Number of protein chains: 2
Amino acid sequence: MTAMSDGEEIVFDQPCPIRDVLDRIGNQWSLLILEALSPGTLRFNALMREIGDISRQMLSRTLKQLEQDGFITRTLYPEVPPRVEYTLTELGHSFLAPMQQLITWADSHHRDIVVARRRYATDRK
Amino acid sequence: MTAMSDGEEIVFDQPCPIRDVLDRIGNQWSLLILEALSPGTLRFNALMREIGDISRQMLSRTLKQLEQDGFITRTLYPEVPPRVEYTLTELGHSFLAPMQQLITWADSHHRDIVVARRRYATDRK
DNA sequence: ATCTCACGGTCTGTCTTTTAGACCATGGGG
DNA sequence: CCCCATGGTCTAAAAGACAGACCGTGAGAT
């Protein structure tokens with residue numbers, strides 16, 4: 001029974017909020033999930049299909065974190081089969097702006113990065 | 001001699017540049033290093049001291065990736081003891097803008113996140 | 001002269017995180 | 001009756017991160 005050791009969160013008052021926030025949203029899954037939810041509410045399996053290559057466990061875990069941090073809400077409809085909907089909160093929405101900047105940057109500089117990689121590879125030869 | 005198996009990079013033409021970019025810069029170390037370099041050039045150990053809790057290995061590896069992707073340049077002065085300087089490229093600098101947005105967001109919403117976490121914890125009780 | 005440290009990394013062994021895949025109960029469609 | 005979809009959790013195995021030892025050399029302290 002070592003699983004689910006989630007509850008324990010260390011709350012040393014981070015002198016650096018950037019670190020604290022980056023630790024949570026500074027991974028591809030969080031960003032991809034938030035992006036996937038930006039058009040609107042999605043269910044668990046819909047999210048999984050949308051993202052494509054995320055495992056159920058990571059999706060579940062990351063959603064839980066995002067909910068915990070107030071980025072999304074989780075609504076369970078006690079039907080059968082169960083229906084669970086994930087939706088961005090206001091906080092989540094407010095995060096979309098800087099994230100979109102990042103995505104825009106990525107989009108417009110992706111080419112440069114590919115070129116840089118290619119040159120690095122050939123220079124090494 | 002199995003080390004240095006770097007050369008092999010799979011170049012399937014990513015339909016989604018966001019994924020490609022996020023995979024690289026979507027981790028705290030990359031962002032922290034870029035932030036540390038934003039005021040100007042730094043040497044290896046200076047970076048290590050600046051960031052504080054990064055291991056030599058991860059610093060080395062992440063720097064190599066950032067260099068490979070064209071975010072920074074690595075300049076080795078063949079003195080003794082060796083001196084190695086890391087500097088942001090133009091691409092690296094251009095990335096600071098969206099990153100700064102992210103940091104600003106983090107800074108101004110950190111409080112909300114902490115509150116959300118606290119409430120989540122008590123609601124669970 | 002010797003002792004030790006700093007330089008910029010790499011290598012090794014351990015620990016943590018991520019993954020793939022099985023499993024759960026139930027209800028609907030074939 | 002058989003099997004799939006729902007939203008997850010659990011387990012075991014693979015991948016990744018970490019701490020710490022190690023490298024050779026030159027400078028400063030002793």
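All values below come from the heavy atoms of this structure, side chains included, with hydrogens, waters and symmetry mates left out. Because the structure is predicted, anything quoted here is derived from the model rather than measured. Each chain gets a letter, A, B and so on, in the order its sequence line appears, and its residues count up from 1.
Atom CG in B:Asn27 sits roughly 14 Å away from atom C1' in C:dT17 (whole-Å rounding). When the P atom of C:dT16 is taken as reference, atom CZ of A:Arg61 falls 14 Å away, rounded to whole Å. Going from atom CZ of B:Arg83 over to atom P of D:dA27 covers 14 Å, rounded to whole Å. Computed from coordinates, the A:Ile72 CD1 to D:dG7 C1' distance equals 14 Å when rounded to whole Å. With rounding to whole Å, B:Leu59 atom CG is found 15 Å from D:dA19 atom C1'. Put simply, CD on B:Gln28 is 12 Å from P on C:dT17, counting in whole angstrom units. One can place CG of A:Asp23 at 14 Å from P of D:dA17, the figure rounded to the nearest angstrom. For the pair B:Glu67 CD and C:dG8 P, the computed distance is 15 Å after rounding to whole Å.
Near DNA chain C, meaning a heavy atom under 4.0 Å away, there are no residues from residues 43-54 of chain A. Annotation: proximity of residues 75-82 of chain B to DNA chain D (heavy atom, distance under 4.0 Å) is found for B:Val80, numbered in ascending order.
You'll find the side chain of A:Tyr120 stays beyond 4.5 Å of the side chain of B:Gln65, heavy atoms only. Side-chain contact between B:Tyr86 and B:Ile72 is present, with at least one heavy-atom pair separated by less than 4.5 Å.
Of the residues near DNA chain C, A:Met58 and B:Val84, the one whose nearest nucleotide (by heavy atom distance) lies more toward the 5' end is B:Val84. Along DNA chain D, the nucleotide closest to A:Gln57 and the one closest to A:Glu85 are compared, and the more 5′ of them pairs with A:Glu85.
Taking side-chain N and O atoms only, A:Trp29 has a distance below 4.0 Å to OP1 or OP2 of C:dT19. Phosphate proximity of C:dT10 to B:Arg56: absent, as no side-chain N or O sits under 4.0 Å from OP1 or OP2. Taking only side-chain nitrogens and oxygens, B:Lys64 comes nearer than 4.0 Å to OP1 or OP2 of C:dT10. The phosphate of D:dG20 (OP1 or OP2) has no side-chain N or O of B:Ser55 nearer than 4.0 angstrom.
Contact record, B:His93 with B:Ser38: NE2-O, 4.3 Å, taken as the closest heavy-atom pair. Contact detail for A:Arg24 and A:Asn27: the closest heavy-atom pair is O-ND2, 2.9 Å. Between A:Pro17 and B:Asp107 the shortest heavy-atom distance is CG-OD1, 3.1 Å. Contact detail for B:Ile51 and A:Arg19: the closest heavy-atom pair is O-NH1, 3.8 Å.
The CG atom of B:Asp69 sits 13.5 Å away from the NE2 atom of A:His109 when rounded to the nearest 0.5 Å. Atom-to-atom distance recorded for A:Leu63:CG and A:Leu47:CG is 6.0 Å, nearest 0.5 angstrom.
Applying the ring pair (Phe, Tyr, Trp, His ring centres under 6.0 Å) rule to B:Phe71 yields the partners A:Trp105, B:Phe95; only residues at least two apart in sequence or on another chain are considered.
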